[in-house]
Amino acid sequence: MPVTARLARIWQYQYVIRLLSAAALLLTALMPGQEQQVFRGKTEMVPVFVTVTDRDSRLVKDLTREAFEVLDNGKPQPITVFDNTPQPIRMIALVDISGSVVDYLPLLRNAVGQLVTHLGPDDKARLGTFGNEIVIGAPFSRNVKELMTQLPESAPPNSRRPLWRAVDDAIGLFDAAATERRVVLVLSDGKDSGPEWGKGKRFLTPMDVTKRAQDENVMVYGVGLRSSLKGAPIGGGAQNMGAIMASSLPDPNLGSVALDSGGGYFELRPRDDMAQTFARVVDELHSQYLIGYTPPASDGKSHKIEVRLKDKSLKAHARKAYTAPKG
């Protein structure tokens, strides 16, 4: 066989081999099993919802991708996803019905009604309460009358306050595969009541709740209500008065859990407008930016997230950590 014909035949063989190799790789990617999981793992995205405010705490809604920088464990990452259009919301609103919050149930019912009416056409909510028991209504809805039936007209005084258990239960009710933004809004006027002895339940700390919220990309918004001192016993000196004052304050960890999860925190007195605060929460959620980037490592470890703005007069707020996929 002439040399030119032999070379042509070799080239044809090499071409066929390349085609077969490419086909094998394609079939491997399409077949179910471990190989497909690895392929999908490379397309993982870390979603980060960012709230931006100016020096007067006004929401800033018109920034572009170039205004942001995102760091993973201190290293800048390319932003692969950017969207500033309102994202659909799934919200669970939790109401503390222990202690003096009971005195403000009529005002609270009005505020929750205003909250629901401010939801967008694609948003839905569930309402829940926590006291001696944790009760979260179902299903998700935006029907005001239907949702308001999930709030009690009254509640027994001096109930327990399983604050962190309630937030943890709410986080567990979201569909992890859903694309909607997941939010827990909690209103409380006091501290978590601590372990429930004899009930076989693991004691949850604020750190436990924060980590779960970060890992499952759930934002917590806290509204701390300063209780009225009306009816408090008189006397006992400065030490007793200090204890009474402390008991009238919301849990000091509620704000840190909310902020670390990428949510927000508001502290109110009984005379403040709860409805206006709830409306501000919904407005903030509808004004957030979605930033996404590919995790730099699949090490199964906790990574710190930092979002920076090139305009130093503005402030960005987002969740502070996530756990990277493993493998």
Side-chain angles (χ1 to χ4, degrees), residues 25-26 28-52 60-92 120 122-124 140 170-184 209-221 258-264 284-310 314 316-327:
L25 287 173
L26 178 61
T28 300
L30 293 175
M31 289 175 61
Q34 183 65 28
E35 296 300 326
Q36 185 183 13
Q37 293 174 4
V38 172
F39 175 78
R40 282 206 307 253
K42 292 179 181 179
T43 62
E44 291 273 0
M45 183 192 78
V46 181
V48 185
F49 288 99
V50 187
T51 301
V52 181
V60 179
K61 311 176 185 181
D62 57 355
L63 298 178
T64 62
R65 181 196 302 251
E66 290 71 29
F68 294 86
E69 181 184 25
V70 61
L71 290 81
D72 187 299
N73 281 346
K75 297 180 180 179
Q77 303 296 320
I79 296 175
T80 56
V81 174
F82 181 84
D83 191 354
N84 64 347
T85 58
Q87 305 292 317
I89 298 167
R90 293 295 177 268
M91 176 187 289
I92 297 178
D122 297 322
D123 302 336
K124 292 184 180 180
F140 283 100
I171 293 174
L173 292 175
F174 291 107
D175 181 1
T179 58
E180 296 87 1
R181 197 159 14 147
R182 302 181 285 275
V183 181
V184 175
V209 175
T210 298
K211 187 176 187 307
R212 185 175 187 186
Q214 291 174 338
D215 288 347
E216 299 186 24
N217 196 20
V218 175
M219 282 184 286
V220 178
Y221 274 80
L259 295 174
D260 287 349
S261 71
E284 184 170 307
L285 289 168
H286 286 154
S287 305
Q288 290 173 331
Y289 300 84
L290 170 60
I291 292 176
Y293 68 95
T294 303
S298 299
D299 53 15
K301 296 180 180 180
S302 179
H303 287 235
K304 292 182 179 180
I305 301 173
E306 183 182 359
V307 179
R308 295 177 180 175
L309 292 166
K310 295 180 180 178
L314 303 178
H317 182 70
R319 64 172 168 151
K320 297 181 179 179
Y322 76 100
T323 298
K326 188 174 183 178

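Source: prediction; values computed, not measured.
For the residue pair R181 and M219, the shortest heavy atom distance occurs at CD-CE, 3.1 Å. Minimum interatomic distance between A213 and S261 (heavy atoms only, all atoms of both residues): CB-CB, 4.0 Å. Here the shortest heavy-atom pairing between T80 and Y293 reads OG1-CA, 3.5 Å. The minimum heavy-atom distance between F49 and A318, with the atom names listed, is O-CB, 3.5 Å. Minimum interatomic distance between T323 and G300 (heavy atoms only, all atoms of both residues): CG2-O, 3.6 Å. Residues P295 and E44 come closest through the heavy atom pair CD-O, 3.3 Å.
Annotation: the span from R212 atom CZ to I171 atom CD1 amounts to 6.0 Å, rounded to 0.5 Å. Note that the CE atom of M91 and the CZ atom of F174 stand 8.5 Å from one another [nearest 0.5 Å]. For the atom pair OG (S298) and NZ (K326), the distance works out to 11.5 Å, reported to the nearest 0.5 Å. Rounded to the nearest 0.5 Å, atoms OG1 (T210) and CG (D260) are 5.5 Å apart. Here the CD1 atom belonging to I305 is positioned 11.0 Å from the CG atom belonging to L71, to the nearest 0.5 angstrom. If you take CE on M45 and CG on L290, they are separated by 5.5 Å, rounding to the nearest 0.5 Å.
Under the 4.5 Å side-chain criterion, counting only non-hydrogen atoms from C-beta, N84 is not in contact with K61. Contact check for R319 versus V46: side-chain heavy atoms found under the 4.5 Å cut-off. No side-chain heavy atom of T294 sits less than 4.5 Å from a side-chain heavy atom of Q77. Contact of the I92 side chain with the F140 side chain is registered, since non-hydrogen atoms from C-beta on lie closer than 4.5 Å. Looking at L309 and F68, their side chains come closer than 4.5 Å, going by heavy atoms from C-beta outward.
Listed by chain and number, the residues in a side-chain hydrogen bond (donor to acceptor under 3.5 Å, both in side chains) with N73 are H303 (sequence neighbours excluded). A search for side-chain contact (heavy atoms from CB on, under 4.5 Å) contacts involving A67 returns L63, not counting sequence neighbours.
Looking only at distances, a side-chain donor or acceptor of Y289 sits under 3.5 Å from a matching main-chain atom of D62.
Salt-bridge formation is detected for the pair E306/R308: a Lys NZ or Arg NE/NH1/NH2 atom is positioned less than 4.0 Å from an Asp or Glu carboxylate oxygen.
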Evaluate E180 against K124 for side-chain contact (heavy atoms from CB on, under 4.5 Å), listing each step before the verdict.
CA-CA 10 Å; E180 296 87 1; K124 292 184 180 180; over 6 Å; no
Where do Y221 and L285 land on the side-chain contact (heavy atoms from CB on, under 4.5 Å) test, with the steps shown first?
CA-CA 10 Å; Y221 274 80; L285 289 168; 3.7 Å; yes
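Each of Q87, R90, H286 was compared with D123 under the side-chain hydrogen bond (donor to acceptor under 3.5 Å, both in side chains) criterion, and only H286 meets it.
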